[in-house]
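Convention: sequence-line order gives letters A, B, ...; per-chain numbering from 1.
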2 protein chains.
Amino acid sequence: MEERVKEIKQQLSAHSYKLTPQREATVRVLLENEQDHLSAEDVYLLVKEKAPEIGLATVYRTLELLSDLSIIHKLNFGDGVTRYEFRAEGAEHHHHHLICLHCGRVDEITDDWLGPIENRVQKEFDFQIIDHRLTFHGICHRCKDQVKDPKKAVSSKVT
Amino acid sequence: MEERVKEIKQQLSAHSYKLTPQREATVRVLLENEQDHLSAEDVYLLVKEKAPEIGLATVYRTLELLSDLSIIHKLNFGDGVTRYEFRAEGAEHHHHHLICLHCGRVDEITDDWLGPIENRVQKEFDFQIIDHRLTFHGICHRCKDQVKDPKKAVSSKVT
DNA sequence: AATCTAAATGATAAAAAATATCATTTGATA
DNA sequence: TATCAAATGATATTTTTTATCATTTAGATT
Ligand SMILES: [Mn+2]
Ligand SMILES: [Mn+2]
Ligand SMILES: [Zn+2]
Ligand SMILES: [Zn+2]
């Protein structure tokens, strides 16, 4: 935790940004909720608990900054809000997500399974891949017994 | 074109919805721009050209209806607006997209390349897949000569 | 053809998310 | 300690989407 914060401080200084108390509080909230996918509003409410004077705009600005520096990733699960998550250590690409249409939970595939497909894309489309987004929508293992007809679980509300 | 419209009319009636003039105009705009990925605002402006009296709310309602009936797909390319496209004939799943970070163009992979990965997901995660979203961000074949260092083309603005 | 009625529409208000503005504060450096 | 660009907080504004509601319409029923 402390090491991660220090590391981020260095990443910021490397680009001559300061790790202000507000930024540090935001970073800590993100680290403490690393397995979640928090929205800016989520982060704001959590940061307020430890730094009540922080403004929403600062949270947005900090998230944007961390995203620009590739310290965190911006995510969009099609529910109308941008979500954020820490980027794993050496992760080259976004990892994959499994979104349950029944309970809403989000699971992760942290290994990159797209290698072979990306080779095909580069070859067949002459498209140089920089990053990707892969999300599966379906029924998670926790819900499978409660869902009789999975085909009826509509994903049309999700983009 | 006429057959497609008639077919959609039947899909609507099957759920006791009417193909009103406004809905038909909207459907025609979507059909005439089938290879694009139009936003609601885009559709609205195009529909206005042939049916100037239409209201924006009606366009939103129509797009939502067509999406609920799985006649069109809702898309989110992380640029802040929801986009829409006709669903291909027998398409089970969303097709894949290649988004160029340099020119913004969107190309498509209409074949479903995710079969093997989906099998792994179902097996290893006990997750029953209903649909998926796969997008690649990178440099398209048209732009590759203009982009010296593709690694620098940042995708951090995109969710 | 005239009447009826639920569905659909258009205008517009409201909500929700994100960004812009600007006066004030802060923190690294001299 | 004084300086000053960077950062912040409050809040206005923009943008996208949804909700509300009075009015109109399409299609069924006489
Ligand atoms: Mn994740
Ligand atoms: Mn497409
Ligand atoms: Zn579930
Ligand atoms: Zn391009």
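- Remark: C1' of D:dT15 and CG of B:Leu56 are 12 Å apart, rounded to the nearest angstrom.
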Side chain to side chain contact (heavy atoms under 4.5 Å, CB included) between B:Thr62 and B:Thr20, intermediate numbers included
CA-CA 10 Å; B:Thr62 301; B:Thr20 63; over 6 Å; no
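- Between B:Tyr84 and B:Ala40 the shortest heavy-atom distance is CE1-N, 3.9 Å.
- A:Arg23 comes within 4.0 angstrom of sugar-phosphate atoms only, judged by non-hydrogen atoms across all strands, and of no base.
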Under the criterion ring pair (Phe, Tyr, Trp, His ring centres under 6.0 Å), I'd like the reasoning laid out for A:His95 against A:His93: C-alpha separation, chi angles, the key distance, then a yes or no.
CA-CA 6 Å; A:His95 56 240; A:His93 288 155; over 10 Å; no
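- Rounding to whole angstrom units, CD of residue A:Glu64 and C1' of D:dA6 are separated by 17 Å.
- Straight-line distance from the CG atom of B:Leu63 to the C1' atom of D:dT18: 14 Å, rounded to whole Å.
- The shortest distance between side-chain heavy atoms of B:Phe86 and B:Val27 falls below 4.5 Å.
- Ring geometry for A:His94 versus A:His73: interplanar angle under 30°, hence parallel rather than tilted (30 to 60°).
- Summary of the strand contacts: A:Leu65 and A:Tyr44 both lie near DNA chain D, and taking for each the nucleotide with the nearest heavy atom, the more 5' one is attributed to A:Leu65.
- In this structure, A:Ile54 atom CD1 and D:dA10 atom P are separated by 10 Å, rounded to whole Å.
- Nucleotide D:dT20 holds its P atom 18 Å from the OH atom of B:Tyr60, rounded to whole Å.
- Ranked by how close their nearest DNA chain D nucleotide is to the 5' end, A:Lys18 and B:Gln22 are led by A:Lys18.
- A:Asp107 and A:Cys140 get closest at one heavy-atom pair: OD2-CB, 4.5 Å.
- Note that the first and last nucleotides of DNA chain C, 5' to 3', having any atom under 4.0 angstrom from a heavy atom of chain A are C:dA17 to C:dG27.
- In this entry the distance linking CG of B:Asp79 with P of D:dT15 reads 14 Å, nearest Å.
- At a threshold of 4.0 angstrom between heavy atoms, the contacts of B:Pro21 are confined to the sugar-phosphate backbone, with no base atom among them.
- Across all strands shown, B:Thr82 has heavy atoms under 4.0 Å from sugar-phosphate atoms exclusively, and none from any base.
- Two rings, from A:Phe77 and A:His97, have their centers less than 6.0 Å apart.
- Atom CD in B:Glu41 sits about 15 Å away from atom P in D:dT14, given to the nearest Å.
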